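Keep in mind it's a predicted model, so treat the numbers as computed, not measured. Scope of the values below: all heavy atoms of this structure, side chains included, with no hydrogens, waters or symmetry mates.
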Amino acid sequence: MNRRNTWNGVWLMAAATLWAATVLNDHSTALAGEPAEEVRKVPERTEIDQKYRWDLESTFKSVADWEQEYAQVDEAVKQVASKKGTLAAGPTELLTLLKLTDDTEARLDRVAVYAHLMADQDTRVNENQALLERAMDLASRYRQATAWIEPELIKIPQETINAWMDQDKELAVYRHSFDNLWRMKKYILSEAEENLIAKAGRVFSTPRSTYDRLTLADIQFPTITDEQGQKFELNDAVFYKCVRSPDRRMRKEGYEGIVGTYSKYRNTMAALLNGEVQTHLFRVRARGYDSCLDAALTPGNIPAEVYNNLVCTVNENLPLLHRYTTLRKQALKLADGVHDYDLYCPFTEEQKLDYSYEDGVKLILEALAPLGPEYLTPMKKGFESRWVDVYPTKGKHSGAYSSGTYLTQPYILMNFYGAYDDVSTLAHEMGHSLHSFFSRGTQPYVYSNYDIFCAEVASTTNEILLQNHVLKQVKDPQTRLYLLVEFLETFRGTVFRQTMFSEFEQKIHELAEAGVPLTADELGKTYGTIMKKYYGPDYVHDDLVDDYWIRIPHFYRNFYVYKYSTSFCAASNIARRIVEGQPGAVEAYLTFLKSGSSKYPIELLQAAGVDMTTPEPILDAMQHFKNLLDETEKLLTEVK
């Protein structure tokens, strides 16, 4: 039935989380609007005005209410398990089960969302972390309690269920879900086998959870000296602060401090990544997929040509990236060429584009005005109804994301400091939240979520519309140059770089499928070869870069990263047609936002005017990159 992964489906991390966070040091920061000399301690949560904190009370008024719902959902999970053996009795019994699972999942989602939001708003509170663990355990028990459903359903003849749906309008709502079941039938195992795989879920997550604990808690990084002569301890969260520095010495030392430290654990990290790939291989062989890539694409009904189009078209346009590397070498006066640690810093000194939160909201509303009142009205409501947890506080989770579920309002975690990147991140996350708002408000629960393939389209469309609006406003050449390079970097990081990661991911899975051991040396050689191809003749490859793959947690998410690239290309196409005022572009886009998972992802994007089975959207995005590059080259001749 294409039942949702109840735990993994309840929240979406932003594509640009690491890019968007403006990181100061771990012990002090300035809130938006404060002069630099008045830097103060990170505030406690209670010191922040309530209007800047998300409204968790609208989901559960208290933990006691959560406990009550938790107990009731626990009983509902048992009730779902008790329906085993009833589905073939007739349409009434089948519909009863489907309604029960919809209701149970929706309530379980709400329990899980509340727990993870409570845990993230202050990670120091052990009681909230315990709530999160219990929610994860409940979700695991639900997966075990439902493992029998699909094996039992596929024993019922397809024509029988089709006849039942023809007779019952309520049951007919599930037609697309059943069509997907028939499509996936050959990959569904016996009840005992499905139950065994469900029980092994926590075991399969061991490589990723071990990687997280090792990188987030156990590894210690060295101390370096910044441009002002102050010493500070490196950590992964401030990596981009180092490599964005105008001081090349600091860029190099920061890079070597982070990647070099990871490199010391290269054999352990290779074993963990190999463990993750082996779990993918296990599922491939257990279910009978052709390959790991096939196993990743088939559940979403993503044609192989979508992936192949992306990789091939990006490779055909690598001369644009080589041109950008050359431009970076010239702008930064790098006589020896561009090293990996030189790829992130601006061409000019940082421009003071500071925004209060209210000014950022105003700018977003202006930028997204082309989407019309149907989009802007709920967005304004979201800003006014405490969807957003705005400022950094002690113990709060870093970065940014959009969360929420069918029975809650959308929720957005931010760490807003006041830079342009923070405003862009807020627009990005609001894109996710509005996508969820429209899908949940239009579709029945079974189709209320949307495939990850589509998830980044709505968020990135907002980012691109914001970029267009800001470029129209900014006339100062220095500031404009700074923004153009930032936008080029967003494109490089989201399209070129994520496609490069996808190639690495595909290659290591192919090696594993062929029985080649994924040693640290093999992984490093594979990564280094692809890196050199992407960045061209003016890129200088250092041996340490071969171990950069260790830094990428997305390699533990099984062919996830290519979706960032396809989503950006789709969003670029949609945003261009909206800005140009093409008839029907806004209406088609809003229809896409309202469609949830009522059709397959490729069909939904085609209805929005984007066909990802062709190279056109990728070529369209490449033209956008070229236009930005042309103007940047021109401005560089004017700005000293």
Side-chain angles (χ1 to χ4, degrees), residues 17-32 34-42 214-266 269 325 328-329 331-354 392 394 396 398-399 415 417-422 478 482 485-486 489 493 531 539-553:
T17 296
L18 288 176
W19 288 90
T22 301
V23 185
L24 303 180
N25 81 37
D26 289 343
H27 306 292
S28 64
T29 186
L31 292 179
E34 289 188 1
E37 62 269 18
E38 294 180 14
V39 171
R40 68 180 190 180
K41 295 286 186 181
V42 176
L214 185 60
T215 56
L216 297 175
D218 292 344
I219 291 180
Q220 298 297 310
F221 297 101
T223 297
I224 69 169
T225 304
D226 67 14
E227 303 96 319
Q228 287 75 43
Q230 295 182 327
K231 291 185 176 181
F232 67 96
E233 184 179 344
L234 280 171
N235 63 56
D236 205 54
V238 299
F239 176 79
Y240 286 104
K241 182 176 185 289
C242 293
V243 294
R244 285 176 59 84
S245 170
D247 182 348
R248 198 181 197 196
R249 188 266 322 159
M250 185 176 174
R251 296 201 299 267
K252 184 173 186 292
E253 289 186 13
Y255 186 98
E256 291 176 346
I258 295 291
V259 183
T261 300
Y262 278 129
S263 186
K264 295 176 182 177
Y265 300 87
R266 63 196 303 269
M269 293 298 194
T325 305
R328 178 169 286 278
K329 176 184 176 181
L332 298 176
K333 297 180 174 59
L334 305 174
D336 60 330
V338 179
H339 294 253
D340 196 22
Y341 51 78
D342 295 320
L343 284 171
Y344 307 88
C345 61
F347 289 2
T348 66
E349 64 182 42
E350 295 275 353
Q351 299 296 297
K352 297 299 181 183
L353 294 169
D354 294 327
K394 285 185 178 178
K396 183 177 174 180
S398 62
N415 282 276
Y417 291 96
Y420 173 80
D421 277 350
D422 297 318
Q478 196 86 9
Y482 173 78
V485 175
E486 292 297 288
E489 273 300 288
M531 187 78 177
Y539 164 72
V540 181
H541 189 79
D542 299 309
D543 290 343
L544 187 59
V545 179
D546 288 350
D547 290 333
Y548 193 90
W549 56 268
I550 298 172
R551 278 201 75 245
I552 311 302

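- The side-chain heavy atoms of Tyr265 and Asp218, taken from C-beta on, include no pair separated by under 4.5 Å.
- Asp336 CG: more than 12 foreign heavy atoms inside a 6.0 Å radius.
- By the 4.5 Å heavy-atom criterion applied to side chains, Phe232 and Ile224 are counted as neighbours.
- Between Asp542 and Lys252, no side-chain nitrogen of the basic residue sits less than 4.0 Å from a carboxylate oxygen of the acidic one, so the salt-bridge criterion is not met.
- Tested against Tyr262, the residues Tyr255, Phe221, Tyr548 include a single ring pair (Phe, Tyr, Trp, His ring centres under 6.0 Å) partner, Phe221.
- Taking every heavy atom of both residues into account, Arg249 and Asp226 meet most closely at NH2-O, 3.6 Å.
- For the atom pair CE (Met250) and NZ (Lys241), the distance works out to 4.5 Å, reported to the nearest 0.5 Å.
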Requested in this report: Test side chain to side chain contact (heavy atoms under 4.5 Å, CB included) on Tyr539 and Val545 and set out the steps.
Outcome: CA-CA 12 Å; Tyr539 164 72; Val545 179; 3.6 Å; yes

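- Distance alone, capped at 3.5 Å, places no donor-acceptor pair between the Ser263 side chain and the Val259 backbone.
- Aromatic ring centres of Tyr341 and Phe239: separated by at least 6.0 Å.
- Asp422 places a side-chain N or O within donor-acceptor distance of the main-chain N or O of Ala419, the cut-off being under 3.5 Å.
- Distance CZ/Arg244 to CD/Glu486: 4.0 Å, rounded to 0.5 Å.
- Residue Lys333 holds its NZ atom at 11.5 Å from CZ of Phe347, rounded to the nearest 0.5 Å.
- Residues Asp546 and Arg266 fail the side-chain proximity criterion, which asks for heavy atoms closer than 4.5 Å.
- For the residue pair Leu332 and Cys345, the shortest heavy atom distance occurs at CD1-SG, 3.4 Å.
- In this structure, OG1 in Thr348 is found 7.5 Å from OH in Tyr482, a value given to the nearest 0.5 Å.
- Across every non-hydrogen atom of Asp342 and Val338, the tightest pair is CB-CG1, 3.8 Å.
- Using a 4.5 Å cut-off on side-chain heavy atoms (C-beta onward), Arg248 and Leu334 make contact.
- The CD atom of Glu489 sits 7.0 Å away from atom CG of Leu343, with the distance rounded to the nearest 0.5 Å.
- Here the closest heavy-atom approach between residue Leu234 and residue Glu253 is recorded as CD1-O, 4.3 Å.
- Nearest approach of Thr261 to Pro222, heavy atoms of both residues: OG1-CD, 3.4 Å.
- Between atom CD1 of residue Ile219 and atom CD1 of residue Ile258 there is a gap of 9.5 Å, rounded to the nearest 0.5 Å.
- Between the side chain of Arg251 and the backbone N or O of Ser245, at least one donor-acceptor pair lies under 3.5 Å.
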